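What follows is a single structure, written as structure tokens, with notes after it.
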Protein chains: 2
Amino acid sequence: MDLLTQKNIRATTFRKEVLAVFLEHDYAISINTIEKSIGKHDRITLYRTIKTFIEKGILHEVLIPNEEKKLAMCQSECSSDGHQHDHIHFKCEACEEVYCKEVDRVPQLQLEGFKVKSIEINASGICEKCG
Amino acid sequence: MDLLTQKNIRATTFRKEVLAVFLEHDYAISINTIEKSIGKHDRITLYRTIKTFIEKGILHEVLIPNEEKKLAMCQSECSSDGHQHDHIHFKCEACEEVYCKEVDRVPQLQLEGFKVKSIEINASGICEKCG
DNA sequence: ATTTAAAACGCAACATTGTTGCAATTATTT
DNA sequence: AAATAATTGCAACAATGTTGCGTTTTAAAT
């Protein structure tokens, strides 16, 4: 049973094609990159596909200040009920790619007077391949 | 000596007006909010002003997945040479505002094989005012 | 296997967000 | 006060994202 059926959405040709692009990359990619990777395509359908994928917990947005919006695949724990990530985003200053890195324990945070429920981390530096 | 002169840019009427909007808020605001706050204005000039402010270390972008881009003021340590933030972004699920919160110590991160140089944190939960 | 109903697609048209070039204006320097 | 350099405002455009609607595809039901 493939990921799409598993997430309760129809496994159409187009969706499988888009998903394949993500599976080919181990880092976050932009909508532009997707558009270049799939052949003939409809921009509107792509936007709708991405929106659906985000809602269903297949993709998540990766936002780094002053950069183009990127997308990456979620872990299996994400669903329409919500995203649940035990990973951080790591931008390599050398190859410029943004990787999702699973971590054993996401650092916790204490804020006087604030009730912290979730935490999202974007780090940068030099990645494994470039280091 | 005002902030603009301090950062080596001309203290024009327009820039002072934009800066005033940020000083009125203790949370991150969208370009839309700025546009509504300043009276007569030119969209293009506003975009250029924001770009300059970011370059000069006066503002920084605050990006939360699936949300409108927001901007907030930097601490004094930021300059054209780079941004240096000892704070995190906190989105309140109740009032929906995003606050920049200074922290004593930004949590550190170990990543096998990766050289972590900087780290940026977006947390969410309930803020002081709503808690 | 065929029918049927729901979901997804593709097109057109549009809304929003952000950029570039250039002439006119404003702020600083001499 | 004049000269110089930075900033502004306009027009035009580029990029990004959305909505409505008729057609096609998918999955389920006969």
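In the text below, chain A, chain B and the rest are named by the order of the sequence lines, each starting its count at 1. What you are looking at is a predicted structure, and each value in this text was computed from that prediction instead of being measured.
Counting only residues at least two apart or in different chains, ring pair (Phe, Tyr, Trp, His ring centres under 6.0 Å) contacts with residues 91-131 of chain B comprise A/Phe90-B/Phe114, B/Tyr27-B/Tyr99. Counting only residues at least two apart or in different chains, side chain to side chain donor-acceptor pair (under 3.5 Å) contacts with residues 13-23 of chain B are absent.
Atom CG in A/Leu4 sits roughly 15 Å away from atom C1' in D/dT25 (whole-Å rounding). Rounded to whole Å, the distance from CZ on B/Phe53 to P on D/dT7 is 10 Å. Here D/dT8 presents its C1' atom at 13 Å from CD of B/Glu17, a figure rounded to the nearest Å. Whole-Å rounding puts the A/Lys36 NZ to D/dA15 C1' distance at 13 Å.
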Hey, what are the protein-to-nucleotides 16-18 of chain D N/O distances that come in under 3.5 Å?
unit_1 : atom_1 : unit_2  : atom_2 : d
D/dG17 : OP2    : A/Tyr47 : OH     : 2.9
D/dG17 : N7     : A/Arg43 : NH1    : 3.2
D/dG17 : N7     : A/Arg43 : NH2    : 3.1
D/dG17 : O6     : A/Arg43 : NH2    : 2.9

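B/Thr33 and B/Ser30 are linked by a side-chain donor-acceptor pair at a separation below 3.5 angstrom, with hydrogens and angles left out of the test.
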Contact state string [nucleotides 2-9 of chain C, B base, S sugar-phosphate only, - no protein heavy atom under 4.0 Å]: ----BSSS
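In this structure, the helix from C/dA1-D/dT30 to C/dT30-D/dA1 shows an angle of 30° between the axis at its start and the axis at its end, each fitted on 5 base pairs and rounded to 10°.
Aromatic ring orientation, A/His83 versus A/His60: perpendicular (interplanar angle above 60°, classes split at 30° and 60°).
Take A/Ser37 and apply the side chain to side chain donor-acceptor pair (under 3.5 Å) test, not counting sequence neighbours, and it matches no residue.
In this structure, B/Lys91 pairs ionically with B/Glu67, as a charged nitrogen and a carboxylate oxygen lie closer than 4.0 Å.
Clustering ILVMFWY residues whenever any of their side-chain heavy atoms sit less than 4.5 angstrom apart, transitively, puts B/Leu4 in the very cluster that holds B/Val21.
Summarising the local packing, NZ of A/Lys115 is surrounded by 12 or fewer heavy atoms from other residues, nucleotides or ligands at distances under 6.0 Å.
Looking at every heavy atom in both residues, A/Asn8 comes nearest to A/Lys56 through O-NZ, 4.5 Å.
Interatomic distance, NZ of A/Lys70 versus CD1 of A/Ile64, reported as 7.5 Å (0.5 Å rounding).
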